[in-house]
Amino acid sequence: MPTRRSRALARAFYARPTLRVARDLIGMVLVHRTNEGTAAGMIVETEAYIGEDDPACHAAPGPTPRNAPLYGPPGVAYIYLNYGMHYLVNVVTEAAGRPAAVLVRALEPLEGIDLMERRRTRNAGQPAVPDLCRGPGNLTKALGVTLAENLLDLTRGALRIEDRGYRPSPVARGPRIGIRIGVDRPWRRWVSGHASVSGPRRRRSSGQW
DNA sequence: CGTTCGATGCACT
DNA sequence: GTGCATCGAACGT
């Protein structure tokens with residue numbers, strides 16, 4: 001009997017065009033439960049990576065051992081190590097055999113903020129709360145997500161995405177950032193003006209808007 | 001304020 | 001051997 005308590009998104013949510021999933025993930029909540037505790041944050045920034053024709057998508061070279069999750073069923077986590085030190089988390093979209101995913105780039109911290117702070121501790125001091133999950137490498141560190149969570153089913157289990165009714169707006173769109181190729185495709189989505197969105201810092205008083 | 005650059009591991013050619 | 005879907009310290013202005 002399906003429990004009403006579970007607000008986890010169903011597989012049908014992910015089995016849709018990737019740009020739509022990227023948009024609709026804004027406002028959803030990424031949750032990671034570990035024996036250290038639970039940490040969760042609202043998704044405020046995403047990017048779509050779609051198919052072998054997208055030069056920035058990991059599926060661009062065709063199937064390889066690393067990108068195998070992209071070719072599998074939707075609603076599954078695809079996690080990989082980037083620059084030798086940061087784990088990045090994607091959600092697989094569309095359908096098996098059609099490699100595509102959405103990269104989760106930033107969260108607004110909601111739950112387990114003290115746990116996030118412990119995980120993010122460094123010698124030069126604690127990041128401010130809005131910065132704890134600002135950036136794709138930072139959010140996995142704050143949530144304790146590693147390669148061990150690769151291929152986990154996001155519709156149930158320890159790593160999941162839930163709908164808790166948040167509907168932040170407005171949602172902006174623009175080119176993906178941090179990549180060398182495929183920058184022409186405006187496949188990034190983010191909550192306009194949100195403090196936890198990555199990329200260049202917003203101006204204080206002068207200009208920008 | 002801005003830009004540059006080193007860290008660090010591995011998938012892929 | 002090359003090049004990253006990054007981060008933040010260090011340095012220049």
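Hydrogens, waters and symmetry mates are skipped; everything else that's a heavy atom, side chains included, is used. Letters go in sequence order (proteins before strands), and every chain restarts at 1.
With rounding to whole Å, A:Leu139 atom CG is found 8 Å from C:dC7 atom P. Here C:dC7 presents its C1' atom at 12 Å from CD1 of A:Ile177, a figure rounded to the nearest Å.
The minimum heavy-atom distance linking A:Ala48 with A:Asp54 is given by the pair O-OD2, 4.3 Å.
Looking at heavy-atom distances under 4.0 Å, A:Arg120 makes contact with sugar-phosphate atoms alone, never a base. At a threshold of 4.0 angstrom between heavy atoms, the contacts of A:Asn90 include nucleobase atoms, whether or not backbone atoms are also involved. At the heavy-atom level, A:Arg180 lies under 4.0 Å from the strands shown only through sugar-phosphate atoms.
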Secondary structure string for DNA chain C (Watson-Crick or G-U under 3.5 angstrom, | for other-strand pairs): ||||.|||||||.
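A:Tyr49 carries A:Arg176 over the face of its six-membered ring, with the cationic atom under 6.0 Å from the centre and within 45° of the normal.
Checked against A:Leu154 for a side chain to side chain contact (heavy atoms under 4.5 Å, CB included), the options A:Val91, A:Val92, A:Val89 give a single hit: A:Val91. Checking each of A:Asn150, A:Asp153, A:Val145 against A:Leu159 for a side chain to side chain contact (heavy atoms under 4.5 Å, CB included) leaves exactly one that passes, namely A:Val145.
The environment of CG in A:Asp184 is crowded: more than 12 heavy-atom neighbours from other residues, nucleotides or ligands sit within 6.0 Å.
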Base versus backbone protein contacts along nucleotides 7-13 of chain B [heavy-atom cut-off under 4.0 Å; B, S, -]: BBB-SSS
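Scored by the side chain to side chain contact (heavy atoms under 4.5 Å, CB included) test, A:Pro136 finds A:Leu88, A:Leu103, A:Arg105 as partners (sequence neighbours excluded).
Between B:dT8 and C:dA10, the distance separating the two P atoms is 14 Å to the nearest Å. Taking atom P in both C:dT13 and B:dC5, the straight-line distance is 13 Å, to the nearest Å.
Using a cut-off of 4.0 Å between Lys/Arg side-chain N and Asp/Glu carboxylate O, A:Asp24 and A:Arg20 are scored as not salt-bridged. Using a 4.0 Å cut-off between charged nitrogen and carboxylate oxygen, A:Arg119 and A:Glu36 count as a salt-bridge pair. A salt bridge between A:Arg164 and A:Glu111 is present, with a side-chain N of the basic residue lying under 4.0 Å from a carboxylate O of the acidic one.
For A:Tyr49, counting side-chain heavy atoms from C-beta on, the closest listed nucleotide (C:dC7, C:dC4, C:dA5) is C:dA5.
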